[in-house]
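Note on naming: letters A, B, ... go to the chains in the order of the sequence lines (proteins, then strands), and numbering restarts at 1 for each one.
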Amino acid sequence: MDKLFDGLNKAQREAVMHTEGASMVIAGAGSGKTRVLTYKVAWLIKKDTDPFNILALTFTNKAAREMKERIVQLVGADARNVWMGTFHSIFARLLRVEGHRLGYPSNFTIYDTDDSKNLLKNIVKELNLDPKVYQPNYLLGRISICKSNLISAQEYIDNEELVNSDKMAQKPEIARIFMIYQQRCFKASAMDFDDLLFNTYIILRDFPDALYKYQQRFKYILVDEYQDTNYAQYQIIKKLAANNENICAVGDDAQSIYAFRGANIKNILNFKYDYPDHKIFKLEQNYRSTKTIVDAANSIIKNNKDQIFKEIWTENEEGYKIRIFRAQSDNEEGNLVAAAIFENKMNQHLPNSAFAILYRTNAQSRAMEEALRKLNIPYRIFGGLSFYKRKEIKDLLAYFRLCVNHNDEEAFLRIVNYPTRGIGKTSVEKLIALAGENNKSIWEVTDDMALLRSVLNQGTIQRIRDFTTMIRSFSVQLKTRNAYDLAKHIAVSSGIIRELNEDKTLEGVARLDNIEELLNAIREFTEKTPELPLEDGNTKKASLDDFMLDIALLTDADNEDDKDDRDKVSMMTMHQAKGLEFPYVFVVGLEENLFPSFQSLSSRADIEEERRLFYVAITRARERLFLSYAENRYRWGDLLACEPSRFIDEIDQKFIEKPSLRGGRHFKMTRHHHISSDNTQFPVSLPANKKIKPLRQAERMAVNPSTLSYDFSELQTGMEIEHDHFGRGKIISLEGIGSNRKATIFFPNIGQKQLLLKFAKLRIIK
DNA sequence: GGAGGCCTCGGAAGG
DNA sequence: CGAGGCCTCC
């Protein structure tokens with residue numbers, strides 16, 4: 001037996017060795033799923049499969065990168081040639097080559113969700129429709145679900161059922177908006193995230209030579225997180241695998257938590273019909289968690305009706321029972337969690353990084369942060385505003401985008417007047433209108449003097465031409481300069497750096513830092529990318545258009561900041577925790593209406609998804625699990641009374657530490673759980689408009705006004721403080737009492753300011 | 001064009 | 001509560 005198989009158990013080994021034909025690996029939490037995938041690819045390579053013939057699809061870039069590194073360690077650098085990446089990055093690559101078949105240039109832009117929403121907003125405005133009725137979020141959601149179910153704009157218009165349901169919902173124009181949106185994206189040489197899948201499918205469907213080419217190339221196909229694939233992804237895989245049927249789908253139906261964004265659990269349930277000769281491997285031994293945690297998780301998930309039978313077990317020791325905290329308020333919940341972390345850190349000699357706090361919504365992080373700060377426990381929050389979503393980053397990237405693709409409408413609109421150059425809203429609206437009337441992109445309009453003269457004055461025209469001339473001059477240099485040089489040149493010549501330099505606030509300084517960080521990333525890219533040979537025998541460093549190829553597909557996890565990985569407690573949503581593990585895990589906010597979320601209460605399918613999310617959350621824990629809930633919680637500025645989550649009741653009581661429940665439980669079966677039938681519809685009809693918000697008003701409760709006394713006694717005249725926005729300053733005087741207490745502060749960069757202490761979150765420097 | 005006031009509305013999140 | 005959009009005023 002090859003030594004590659006050392007350290008794999010029987011089920012894992014069988015799954016790895018089954019390379020020919022279809023197979024499905026049902027991998028329970030902590031059962032070594034990633035291991036099977038990596039070893040399977042490694043085994044294929046070892047058996048002399050050309051890495052170029054292996055396609056491995058993951059859900060995150062990070063997963064792909066880590067897996068690739070691991071495989072390289074196992075079988076050598078050759079493994080770098082495996083086609084491994086997310087669905088979106090792999091198929092974006094395919095579309096750069098094949099997109100011309102549908103009329104896209106190879107340098108098409110990838111619109112991110114902000115671009116898509118802006119475009120939709122503009123379209124609604126141009127059509128004079130009510131922006132309240134046609135909200136960008138809603139529209140994009142609708143369009144996205146269509147495309148991920150392979151329904152084109154034309155098919156939508158022709159589908160009576162869909163059009164009628166929109167009429168019933170008083171939104172009859174959705175089909176038209178969808179169509180215009182697609183046309184505008186096309187005109188801008190842009191694809192949104194869903195187009196990357198939709199268009200890939202269309203090419204495989206309509207161009208037999210292309211289908212043949214990729215079926216030949218991808219002889220072995222592996223798909224990770226199969227339970228989270230949507231219909232479009234499913235169909236693409238099915239097409240690619242149709243010839244060889246060497247497909248291996250890995251997943252766990254119990255961990256499907258993305259149905260809300262179109263993932264279809266049926267893909268995993270139907271695998272057996274799609275590939276009748278398939279083999280199923282079940283990985284049921286958990287290596288991660290204690291018996292208590294594994295069995296408690298089993299006792300929860302068995303409440304779900306829709307699932308593939310499996311029995312997760314472990315040889316690990318029994319371990320600690322689960323402790324449950326009941327808190328009076330969200331703040332007290334934070335204090336209990338922080339205190340427990342502190343105590344365990346000390347008693348068990350654990351590093352901060354041994355702990356994770358998992359919550360349902362990002363808003364819950366605040367109470368936890370405050371509590372941890374009080375005890376001086378360092379923490380790191382995952383999620384939040386992504387680097388690539390920051391305004392200054394998007395601004396600079398928009399310059400790059402427009403250089404690479406002049407037709408990129410969203411990039412054009414973003415920067416045509418940033419930094420300000422006297423091209424106002426009215427002029428821009430006229431450009432958009434001209435583009436629409438003449439079936440041109442905005443850039444093409446700016447190139448047509450006759451058209452411009454028809455609606456704009458000479459001064460405006462000149463300013464617009466100056467702008468396009470500048471962009472052109474940048475574009476020319478794509479050929480001559482390397483990515484870093486040009487990026488830096490653009491950052492300076494565009495005026496962005498000057499603009500940010502003038503902003504002396506903390507925010508402004510941080511923005512400039514971010515620009516610098518982006519430029520550093522580009523420098524690194526320029527240096528790391530192998531040089532391309534030129535016709536004249538010289539070589540050429542990577543250029544800015546190379547860098548821009550899949551920049552839209554990058555996320556925060558892709559630039560792991562090594563400077564920030566000091567020993568810290570991790571805080572994140574349960575969704576983000578998928579795939580991770582920690583010795584000590586706190587799952588907080590176990591309250592009805594929060595977890596399970598109030599939006600999920602009316603359908604069984606939604607509740608089951610929440611339950612799977614709970615399952616994911618608790619199976620992150622290796623040694624010890626803590627659950628908590630608050631009886632009162634601030635939500636959207638109101639103090640709400642809460643009841644403990646039904647999920648707490650679902651855990652078999654024998655796994656729970658007894659004395660923690662002071663006063664016993666005050667709820668049992670008295671609640672009414674409104675359960676309607678499953679509203680999953682597939683593939684033509686769309687999910688019905690989601691439920692009406694239940695109970696919000698009724699839940700509201702009076703706030704106890706005696707708690708509103710403010711005490712800022714630590715602050716004194718003469719102190720140096722720091723303010724989020726104004727930076728450091730010195731307190732000149734203090735006046736007023738209670739909530740009216742205010743300070744006069746001198747900020748060197750800004751001047752003198754009067755601030756109400758209850759709003760200004762001042763930090764004392766000395 | 002930018003600052004400041006008022007209003008609205010809120011899920012989880014990968015690419 | 002707080003972010004973001006929109007409107008008004010300079």
Side-chain angles (χ1 to χ4, degrees), chain A residues 57-64 85-92 110-118 121 125 131-132 135-138 141 144 148 191-197 224-225 228-230 232-233 257-263 330 358-364 366-367 382-386 388-389 391 417-428 503 550-558 572-579 589 593-601 606 609-610 612-614 616-617 633-640 690-691 693 696 703 724 758-759 761:
Chain A
L57 297 165
T58 61
F59 263 77
T60 62
N61 293 308
K62 194 171 162 226
T86 61
F87 279 84
H88 292 87
S89 67
I90 296 283
F91 296 130
I110 300 171
Y111 273 179
D112 67 17
T113 37
D114 287 346
D115 296 320
S116 299
K117 283 179 201 166
N118 282 336
K121 206 169 78 189
K125 203 159 131 198
K132 293 243 157 46
Q135 294 175 346
N137 252 329
Y138 175 86
S144 172
S148 38
M191 297 193 201
D192 68 15
F193 289 133
D194 298 301
D195 289 331
L196 296 176
L197 303 176
D224 194 9
E225 310 280 13
D228 288 334
T229 51
N230 64 32
Q233 291 165 325
I257 54 176
Y258 286 113
F260 74 89
R261 65 176 196 217
D330 43 0
L358 309 182
Y359 34 76
R360 181 65 177 78
T361 66
N362 282 306
Q364 290 167 257
R366 191 201 45 89
F382 291 73
L385 187 62
S386 144
Y388 292 101
K389 287 216 165 96
K391 181 188 176 304
N417 199 33
Y418 177 81
T420 49
R421 45 178 72 90
I423 304 168
K425 212 168 73 179
T426 325
S427 308
V428 171
D503 185 352
D550 44 22
I551 188 76
L553 302 176
L554 294 183
T555 55
D556 259 8
D558 296 315
M572 65 188 84
T573 64
M574 302 179 210
H575 284 88
Q576 288 169 317
K578 184 158 156 190
N593 295 326
L594 178 60
F595 189 39
S597 146
F598 68 94
Q599 288 103 323
S600 73
L601 298 182
D606 285 358
E609 178 150 314
E610 296 280 304
R612 293 192 294 270
L613 183 58
F614 187 40
V616 167
R633 176 180 298 278
Y634 275 100
R635 282 183 91 180
W636 300 326
D638 292 319
L639 189 65
L640 307 181
K690 286 273 177 150
K691 322 93 216 182
K693 289 185 191 173
R696 228 183 106 174
V703 185
D724 276 343
K758 67 173 167 178
F759 296 127
K761 291 168 191 143

Against the side chain of Thr86(A), the closest entry in dC6(C), dC1(C), dG15(B) is dG15(B)
Determine the sole option in Arg261(A), Gln233(A), Lys578(A) for which the side-chain hydrogen bond (donor to acceptor under 3.5 Å, both in side chains) test with Asp228(A) is passed.
Lys578(A)
Taking the ring of Phe87(A) and the ring of Phe59(A), is the distance between their centroids below 6.0 Å?
yes
Counting side-chain heavy atoms from CB outward, which of dC6(C), dG15(B), dA13(B) is closest to Lys121(A)?
dC6(C)
Whole-Å distance between dG10(B) P and Leu594(A) CG?
16 Å
Taking only residues two or more places apart in sequence, or in another chain, which ones meet Tyr111(A) in a ring pair (Phe, Tyr, Trp, His ring centres under 6.0 Å)?
none
Side chain of Gln576(A), base of dG14(B): donor and acceptor closer than 3.5 Å?
no
Excluding sequence neighbours, so at least two apart, what forms ring pair (Phe, Tyr, Trp, His ring centres under 6.0 Å) with Phe595(A)?
Phe614(A), Phe647(A)
Mind calculating the distance between CG (Leu613(A)) and P (dG14(B)) to the nearest angstrom?
13 Å
Classify the ring geometry between Tyr258(A) and His575(A) as parallel (under 30°), tilted (30 to 60°) or perpendicular (over 60°).
tilted
Considering only dG15(B), dC6(C), dG1(B), which nucleotide approaches the side chain of Thr420(A) most closely?
dG1(B)
Asn417(A) has its side chain closest, among dG15(B), dA12(B), dG1(B), to dG1(B)
May I ask you to evaluate whether Asn362(A) reaches the phosphate of dA13(B), defined as a side-chain N or O under 4.0 Å from OP1 or OP2?
yes
Whole-Å distance separating the CD1 atom of Ile423(A) from the C1' atom of dG1(B)
13 Å
Walking DNA chain B from its 5' end, the first of Glu609(A) and Ser144(A) to be reached, judged by nearest nucleotide, is Glu609(A)
Proximity to the side chain of Trp636(A) - top-ranked nucleotide from dG11(B), dG10(B), dG15(B):
dG10(B)
Expressed in angstrom and rounded to an integer, what is the separation of Phe598(A) atom CZ from dG11(B) atom P?
8 Å
Would you say Ser597(A) places a side-chain N or O within less than 4.0 Å of OP1 or OP2 belonging to dA12(B)?
no
Checking contacts here: which listed nucleotide (dA13(B), dG15(B), dG11(B)) is nearest the side-chain heavy atoms of Phe260(A)?
dA13(B)
What is the distance from CG of Asn137(A) to C1' of dG5(C), rounded to the nearest Å?
13 Å
